[in-house]
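Just so we're on the same page: letters track the sequence lines, and every chain starts at 1.
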Amino acid sequence: MTSKEKYPITLYNTLSGKKEVFNPIHPDHVGMYVCGPTVYSDVHLGNIRTFMCFDVIYRYLMYIGYKVRYVRNITDVGHLENDADEGEDKIAKKARLQQLEPMEIVQQYTNGFHHVLDQFNLMPVSIEPSATGHIMEQIEMVQNLINNGYAYEINGSVYFDVSKYDKAHNYGKLSGRKIEELMESGRSLDSQDEKRNKIDFAVWKKASPTHIMRWNSPWGEGFPGWHLECTVMSTKYLGESFDIHGGGMDLVFPHHECEIAQSIGSTGKDPVKYWLHSNMLTVNGQKMSKSLGNSFLPHQLFSGDHELLDKGYSPMVVRFFMLQSHYSSTLDFSNEALQAAEKGYKRLMEGFKISNNLKHNSGQTDSDLENKTKELIDDLFKNMSDDFNTAKTLAVLFEITTMMNNFKAGNLKVSQLSKETFDELIVQYQGFITDVLGINEEKESSNDLLNGVIDVLINLRQNAKEAKNYQLSDKIRDDLKDLGVILKDSKEGTEYSLS
RNA sequence: GGUGCUGUACCCAAGUGGUUUAAGGGGAAGGUCUGCAAAACCUUUAUUCGGUGGUUCGAAUCCACUCAGCACCUCCA
């Protein structure tokens, strides 16, 4: 019995509004698509939260034995400044302002995106397709929609006919919106508007004479609509129906709603079995967003160069911080919360180090401890399988951390556990920290020279202590502390850590 | 205005009908260890879950109303 059978996953499906048991379309294989960034500027921490949530989901699915194909796109064309299919293309605008080729902008911010994901220890995805690399496929889908009667061409642009689609299918089923309400509440059609109804959305847009990013199509030169790429690329790489589609909560409407309509409109099939949405990162209770000017860029966070931060925090501390909450809850970003997370992260990493050095030896096993340990291991899986509850999982990891500390301090003996249970405890404790949650030990800037120098000082201090020259021994300790080197005495000797 | 979400200790944050008179992290207090510290360990820190009613043998968890906040859409600008 494999882990995935022993611990079946339940997850909250936005489509049904309920927690459901996860049953992939093809047993053992999972297809997962997540909406990636529009690469016209730096990703901020709110964006990163979303990708981190799905990184952990990806990791856990693999950890319990699924083969996962994870597709995350790069949007490099078609995302206009507002979502009413008006305004300038975000990337073209940036290119114009910086006097660069659009593809230079795309490359620059794609590189930056990858670099940041790497700093936060996100795993590379299986396929990372870009919209401009799939223009042909997008044109085909537009044609398909026209053939099926769900899209119409006018003046070189093609729009999705939402009201016609809604007659046969249910537009709004993901976001709980009703087409009548959308029609009523909208702004009146202005004379420039080519759409039959204002809720119609562009699947292909005619390029104005000054528009740089343009491709030939049966309808003249133009570019694809924003929603189209995700439908096209998810279909191409994961099939007409696949298991998981994820993204930030703010994409539910209209983006994901439109994706469903496009898929059903062109293939006749419901594209996604489970829709997962991660919630927003907030600052002082408000959504972190570029337009509100309250977003943090990763480098500001690392350096502490931001008015809301007292100091810098490392990527792993932030990763730990984010995993302390559930992905479907809003998470408020504050200095105090980060400071607490930093200490918690260090405590966890100390436990991890201890677990590396423990060796089992046999003796009198303690059945209470044995059972308790088995229960903790079980809980790790149960909590992650319960809608990927990283907060609960961390709570269990901290209980195990306390055990580790007790082993080290001699309050508990490893011999009180059977060899099998002990081995399993270490494997899963470490596995959940590094493989599932993706939390690593921060590479301390230590080197052999530094280690050697501090060892010399530790020895000198030890000599002073033995001579009861506490004035000197305390001075060594205090001076090192001022430099950020913290000495910790224990029965086995003195260790140090960098603050 | 429509739709949805949230409100849990000093702070962050799990928990959605009984094993929870509520995890875990941080903070605070006391103790153990220590030459003294630090770290670690142990104990304490919400009889209570925004408020008011109701359903139930039993509710933080379900229902109604209400207050507060947020998000998406819309409107306005």
| message | Below 30° counts as parallel, above 60° as perpendicular, anything between as tilted: where do the rings of A:Trp275 and A:His256 land? | response | tilted

| request: Determine the interplanar angle of the A:Phe51 and A:Phe113 rings, folded into 0 to 90°, and report it as parallel if under 30°, tilted if 30 to 60°, perpendicular if over 60°. | output: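 Rings of A:Phe51 and A:Phe113: perpendicular, over 60°.
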
Determine the Euclidean distance between corresponding [atom1] atoms of [M] and [N]; express it in Å to zero decimal places.
N     : M     : atom1 : answer
B:C72 : B:U61 : C1'   : 27 Å
B:G24 : B:C67 : C1'   : 30 Å
B:G7  : B:C63 : P     : 14 Å
B:A71 : B:A77 : P     : 22 Å
B:U21 : B:U47 : C1'   : 5 Å
B:A40 : B:C5  : P     : 41 Å
B:A64 : B:C73 : C1'   : 27 Å

| query | What about A:Asp489, does its side chain sit under 3.5 Å from the base of B:A37 through a donor-acceptor pair? | reply | yes

| message | Let's test your reading of the model: under 3.5 Å, does the base of B:G35 pair with the side chain of A:Asp474 as donor and acceptor? | response | yes

| said: For RNA chain B, which residues of residues 457-467 of chain A approach it to below 4.0 angstrom with any heavy atom? | reply: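 By residue number: A:Lys465.
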
| query | Where along residues 320-332 of chain A does a heavy atom come under 4.0 Å from RNA chain B, residue by residue in number order? | reply | A:Gln324, A:Ser325, A:His326, A:Ser329, A:Leu331, A:Asp332

Checking contacts here: which listed nucleotide ([options]) is nearest the side-chain heavy atoms of [X]?
X        : options             : answer
A:Lys287 : B:A71, B:C11, B:C36 : B:A71
A:Glu399 : B:G24, B:A38, B:G25 : B:G24
A:Ala337 : B:A39, B:C12, B:C41 : B:C12
A:Lys343 : B:G26, B:A71, B:G24 : B:G26

| Around A:Lys273, counting heavy atoms of other residues, nucleotides and ligands shown, do more than 12 lie under 6.0 Å from its NZ? | yes

| field | CD/A:Glu466: more than 12 non-hydrogen atoms of other groups inside 6.0 Å | value |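 Count over threshold, so yes.
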
Which base, if any, makes a Watson-Crick or G-U wobble pair with [N], both distances under 3.5 Å?
N     : answer
B:A37 : none
B:U3  : B:A71
B:G58 : none
B:U52 : B:A64
B:U47 : none

| query | Which residue, A:Thr401 or A:Val252, contacts RNA chain B at a nucleotide closer to its 5' end, judged by nearest heavy atom? | reply |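 In this pair, the answer is A:Thr401.
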
| message | Closest-nucleotide mapping onto RNA chain B: is A:Ser334 or A:Lys488 further toward the 5' terminus? I mean the 5' end. | response |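 It is A:Ser334, whose closest nucleotide lies nearer the 5' terminus.
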
| request: Tell me yes or no: between the side chains of A:Tyr40 and A:Thr75, is some donor less than 3.5 Å from an acceptor? | output: no

| message | Just by distance, no angles: are the side chains of A:Glu229 and A:Asn73 close enough, under 3.5 Å, to form a donor-acceptor pair? | response | yes

| said: Students often get this wrong, so: under 4.0 angstrom with heavy atoms, is A:Arg477 touching a base, only sugar-phosphate, or nothing? | reply: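 Counting heavy atoms under 4.0 Å across all strands, the contact made by A:Arg477 includes a base.
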
| Across the strands shown, which category fits A:Tyr470 at heavy-atom distances under 4.0 angstrom: base, sugar-phosphate, nothing? |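 Contact class for A:Tyr470: base.
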
| A:Glu350/A:Lys353 ion pair, N-O < 4.0 Å | yes

| task | May I ask you to decide whether A:Asp378 forms a salt bridge with A:Lys374, counting only side-chain N to carboxylate O separations under 4.0 Å? | result |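 Result for this pair is no, no salt bridge flagged.
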
| query | For the rings on A:Phe302 and A:Phe120, is their centre-to-centre separation under 6.0 Å? | reply |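 Yes, close enough.
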
